[in-house]
Amino acid sequence: MPKYKIGLDFGTTNSIISYWEKDQLEAFQYGGENGTKYIPSFITYEDGFIEIGSGARTTAANHPEVTSYGNFKMDLPLKNHFTNAYQPPQNPVTVTADYLRELLLSCENEYSFTRQQGEISGLVVSVPEIWQRDIYNTGREQLQTLIADNLGLEKELIQLVSEPVAAAAYYAWETQRRNQQENGEIFNGNLLVCDMGGGTFDVSLCRIYGDKKVEVLYFDGQGDKGLESAGVAFDRHCVRIAYTKKHGQPPDENSTEFMGLLREFESVKIAGHSKYTKKLKNYFKSPSDLAEQTLYTFSGGYTLTNAEVEQAFASIGEGINRVLERVKHWMQNNNQTCDRLFFVGGFCQFYLVQKMILEALQLEENSTEIDRTFNLINSAFAISYGACLIANGLVNPTEIFVHSLGIVIDTINNNAEVEPKLISIIEGGTNLDDLASVRFADIPPLTAFKTDEPLTVTLWVDPQSRGKIFKEHLPNTVKLPLPSTDDQWRVGMRVNRSQVAYLVIEAVGKDKRTEYELGNVIAKMFPGFILFEEDDVN
């Protein structure tokens, strides 16, 4: 049986698997000959039977009593207030694990990748940029752990990369491939990747140079707003407006009726993409004349006019503008430019999204910065393709860890007083490759006076290295790897290629160490999901 290193774009609304075969990128078609390469991130549980994808969505629509979940990826980093009402023993982790198992590895599911294609020997999964940028977000750690523990893949075979970085990797590889075939000039410059899917809007400014080299210069986004910043929010706004207009009152957005209307609206929107794009372009040429013209009709009588669609998009457009104002501010302060613009993610193909991005960047539709050689399929599959290229070592993007981490030790000052001192171990802005090996604190070795008690460590973090220090005492957590008072210890940290940080305690001169994932510990240091107010870019 062949083995594959695959890329997975694990999306909020849809997922795409890509694999490398016969020197070509291929997108996996789930469901056999009649299946689809766009696999809905949706799951149902019925009488002990699990179903995923389009079949699960159909089952849920026809049998509302069946337990079903969608958008569960966005629940992974949350402590509560989930988008789904989970029925015990199900929770975001178990549901995500069940979905990925059925999709990738299930022996019982004849449509899983393993059954249809072959064994998985490596896996790169794309995740929202916000899961990297916000250190208190446990999404990466949750996903890495559930894949390793629930799916049986070793952590060494798993890598998580941000969605815009994966897209930039594909862009770098594909443009170089085309230029080599046409004997053209290889692109070297800054690529601004705008990624908007069902749940997040993220942007990354990436430097592409040399032999398919990708370096992340800056990233930003609105992923911390959850499902209120992208395609799912737009669909909900549209259905809410159409329902209220028809019935004279707002809908129950948790009802099966509303869920069914959402699915039908999404299907109509996607199927008529080209037609609706032309209509919206005409509307903005003469908005006063065409405001009341019907744009969408769905589910037997629900309608939306051009003006109502613009209204539904307004809050999302405002979010896009805020993000890109910060991007422009950073580029100006750091003397950087946007040489190319790349739209990726399903909702980023929507006309109003692209229109808002171009307006925010002060670009025209025919600007040379926009690469129109990538069609809708190239753009929609870009994240998955890029993840696959990274999995197979065909592109090796340089990512940085933006946070600063260290420990607090007590010192004696000149007045014989105990004074805490912050010892830096990991400095923000360091390349991930340089953090694969443990970095130890530059302090004398520690000595344990009691071996039956945990080592006391105080952790400090500076999220995004902005100079705001947060501390957390770790009592009854860190244990020594050897039960001996004769040994000395040193404290270090490392960050793996999935940007999960670890605290390391090692016996000096001996090959004994213990490691502790810091995601959950750091998450507890902060009271909420959003840590900072938005920056003032003026």
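Keep in mind that the numbers below use all heavy atoms, side chains included, and drop hydrogens, waters and symmetry copies. Position 1 is the first residue of the sequence; numbering continues from there.
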Scan side-chain atoms only and decide if Thr373 and Arg178 contain a donor-acceptor pair under the 3.5 Å cut-off. yes

May I ask you to decide if Met525's main-chain N or O and Glu472's side chain share a donor-acceptor pair within less than 3.5 Å? no

OG on Ser384 to OH on Tyr19, rounded to 0.5 Å: 11.0 Å

Quick one: do the Gln144 and Asn496 side chains pair a donor with an acceptor below 3.5 Å? yes

Distance (rounded to the nearest 0.5 Å) between Leu123 CG and Leu160 CG: 8.0 Å

Between Glu325 and Lys328, is the closest basic N to carboxylate O distance under 4.0 Å? yes

If I take atom CG from residue Asn14 and atom CZ from residue Phe42, how far apart are they, to the nearest 0.5 angstrom? 11.5 Å

Gln336 versus Asn190, side-chain donor and acceptor atoms under 3.5 Å: yes

Could you measure the distance from the SG atom of Cys338 to the CG atom of Leu363? Nearest 0.5 Å is fine. 6.5 Å

Sorted by first residue and then second, give each ring-ring contact (aromatic ring centres under 6.0 Å, His included) pair with at least one member in residues 202-221; sequence neighbours left out. Tyr218-Trp330

Side-chain (Thr458) to main-chain (His473) donor-acceptor, under 3.5 angstrom: no

Crowded around Gln354 CD? As in, over 12 foreign heavy atoms under 6.0 Å? yes

Between Asp220 (side chain only) and Leu324 (backbone N and O only), is there a donor and an acceptor less than 3.5 Å apart? no

Kindly say whether the aromatic ring centers of Tyr69 and Tyr99 come within a distance under 6.0 Å. no

Any salt bridge between Glu506 and Arg494, counting N to O under 4.0 Å? no

Would Val508 and Phe440 satisfy side-chain contact (heavy atoms from CB on, under 4.5 Å), going step by step from the backbone distance to the final call? CA-CA 11 Å; Val508 176; Phe440 289 99; over 6 Å; no

Run Phe72 and Tyr86 through ring pair (Phe, Tyr, Trp, His ring centres under 6.0 Å) and show every step you take. CA-CA 10 Å; Phe72 43 84; Tyr86 293 92; 8.2 Å; no

Could you name each residue pair satisfying ring-ring contact (aromatic ring centres under 6.0 Å, His included) that touches residues 387-420, not counting sequence neighbours? Phe401-His403

For the CG atom on Asn415, are there more than 12 heavy atoms of other groups (residues, nucleotides or ligands in this structure) within a distance under 6.0 Å? yes

Expected output: side-chain Thr430 to main-chain Glu427 donor-acceptor under 3.5 Å: yes

Please verify the inter-ring angle class for Tyr170 with Tyr385; under 30° counts as parallel, over 60° as perpendicular, anything in between as tilted. tilted

Ala148 meets the side chain to side chain contact (heavy atoms under 4.5 Å, CB included) criterion, sequence neighbours left out, with Lys155, Ile158

Heavy-atom count check: over 12 atoms from other residues, nucleotides or ligands less than 6.0 Å from Asn334 CG? yes

